[in-house]
Amino acid sequence: MSTRVLVIEDDPETAGEIVAELSSHGFHVDWAATGSTGMERAGSGDYDVMTVDRLLPEIDGLTIVETIRAGGIKTPVLVLSALAEVDDRVRGLKAGGDDYLTKPFALVELSARVDALLRRPADPRETVLRVGPLTLDLIERKAQRGGRLLDILPREFQLLEYLMRHSGQVVTRAMLFEEVWHYRFDPRTNLVDVHMGRLRRKVDAAGETPMVHSMRGTGFQLRAP
Amino acid sequence: MRLSFIGTTTFRWTITISAAFVSAALFLVAVIYQRTIGSNEARIDDNLIQEVRTVTAEDAENALVRVQARLMEDPRRVRFAALFGPDRQLIAGNMNSYPSDFIANGKVHDIVAERIDSQGIEVQTAHAVGALLGNGNTYIIARNFDDFAPLKESITETVTLGLFPATILALVCGVLLSMRTQSRIEDIHQMAQRIMAGHLHERLPSRGTRDDFDKLVDIMNAMLNQIEHLMSEVKGVGDDIAHDLRTPLTRVRAALERGRDSAQTLEDLRHAVDKGIIGIDQALGVTTALLRIAAIEHGQRNAGFGEVDLGSIIAAIVELYEPAAEDKNLRLVSTGMSHILLRGDRDLLFEAISNLVDNAIKFTPAGGTVSIELVRTEHNVLLRVVDTGPGIPAPEREAVFRRFYRSDKSRHAAGMGLGLALVAAISKLHGFRVHVADRDQGCAIEMICSPA
């Protein structure tokens, strides 16, 4: 059975693009155009993930999230907002949202975040992560590719850990910045790329099949060769 | 004649002051009256009562002598004295008959008496006191006050001749002053209407007399100057926004048009679309930054506030920018305190400081140094981002924190118009102050942060 996604969005054109993007990832996507239909469907608990627009006719997006959370529904929620308020994100997450994305956003950013929400958290008892020939020892703080020990800095270790936990998925610069640096802002420059470039040169030595891939536009992906 | 001046404050004040003046004058007249006529009358009344008491205490037969003695000296013809028998028949004296309704009880009564003497009979009013004597006779003496009439008349004349013209004069002054005030307000009103209609360069009229109105007009005109200045600034920002949006959008349009007309392969088309997306992202970046600045400037203060360690924010920024600095062959160092706790929004402070570092790296030539200094002064915490770049000329040091301000040197560096404006907005939100320090070489931007 395919993954089911609920999109609650009042603007038909935006909704059309979101539905098309997520469908192209093989998801089964349902669209609710108003707060009340959105609330009804979200309350069914039939979905694996949903995106909720912050401002909706009839019922506000945050009210929907609060209501379904109060009803015990744990479906991961990505809140989308066109508001520029400084504390809007804080409110979105307080209401029960799992992630927050400000409009206008790149579609790849949206699908990467939906993917991340769908990925079940790794077993916390796991002490060694493996992707293909790459191993990361979380206790010893050591990274190896095949038999080659990688000489990486602490921040690069954190980057690699996040990429390995999300291997095969696209992770965007903004996601890396939030998850690895734990700061929330939109780096206008290519700072994350510089750090990723260094990590990539260490992971993919000359002659080896590349594992760290730049995705056109906004993101990166770690794949087993 | 228009009566609208009646409502003016000046007119009301004049009326109030006139009324106070009239009251004071009337009070003065009353006091004078009391001190002259009033006290004389009271003294005479007392004498009458005393006299009657003396006569009652004496032998009743003596009363006749008393009546005659009293009438002996009365050149002004104001005295009465009479002795009436038990049947109220006149025994002696100058009262033609027993006064009607008179009670002889030793107290003062107003009477109307018929005076009879060598000049005939005359009806007079008088204050009278009488007493019943031991032998059944009634002894009455009285005093007429007509000799006070000239004094009374002169006081009344003083009131009418002095007070009324003075009151009229005050009213006339009030009306004239009020109309003058009215006309100045009307002048100001007309000019204000013109200004409201859009003639922002106009100023309220001043008469050069340095009076209260002129002072008020000066204050209002200073306010108008500031408003006009702000309006022109807003207009300038509007033009800048339009420019900053049109430039990338023009490129987008050109790239997409060229792609549609001349792309030979799918790859060509993708290349054109990518250029389009880059341009649109730039335009969106401008609007996002503007909205963020506005949101930070007008936002709720405390939503994201908590205790933050400025030192650890700086450490993270150094770590984040280190590779970029190294790629440009720059040294990026942090000095001073490594931990300072403040109340603030962690993400916004990170953004502000990283903007300063970002600029410093952008403008410092290869081989230079960018340092972030964190020091505690006596009252404050001082954060300083110093670089060995070209610096900011003194006249531009305040302007760089304005939206879209571009110094000629940075005109061609991308995305420079809003970074420092954002830093200024974030500083203000935290109650910090940010300014460009005075340096001959390089550039130092200081943020003065109040400790938690």
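In what follows, every chain begins at residue 1, and chains take the letters A, B, ... in the order their sequences are listed.
- With a 6.0 Å radius and a threshold of 12 heavy atoms from other residues, nucleotides or ligands, B:H339 has its NE2 atom at or below the threshold.
- Residue A:R155 touches chain B through both its backbone and its side chain, counting heavy-atom pairs closer than 4.5 Å.
- Taking CD1 of B:I361 as the start and CG of A:L191 as the end, the distance is 7.5 Å to the nearest 0.5 Å.
- Listed here is the closest heavy atom pair of B:A324 and A:V194: N-CG1, 4.0 Å.
- Within a 6.0 Å radius of NZ in B:K275, no more than 12 heavy atoms belonging to other residues, nucleotides or ligands are found.
- Nearest heavy-atom pair, B:R346 versus A:W181, reported as atom, atom and distance to 0.1 Å: NH2-O, 4.4 Å.
- Heavy-atom neighbours of A:H213 NE2 from other residues, nucleotides or ligands within 6.0 Å: above the threshold of 12.
- Atom NE2 of A:H195 is separated from atom CD of B:E319 by 5.0 Å, given to the nearest 0.5 angstrom.
- B:R258 CZ: 12 or fewer foreign heavy atoms inside a 6.0 Å radius.
- Considering only heavy-atom pairs separated by less than 4.5 Å from chain A, the leading option among B:I313, B:D281, B:T287 is B:I313.
- Per-residue counts of heavy-atom pairs under 4.5 Å with chain A were compared for B:I277, B:L284, B:I278; the largest is that of B:L284.
- The environment of A:R119 atom CZ is dense: over 12 non-hydrogen atoms of other residues, nucleotides or ligands sit within 6.0 angstrom.
- The minimum heavy-atom distance linking A:Y183 with B:A316 is given by the pair CE1-CB, 3.8 Å.
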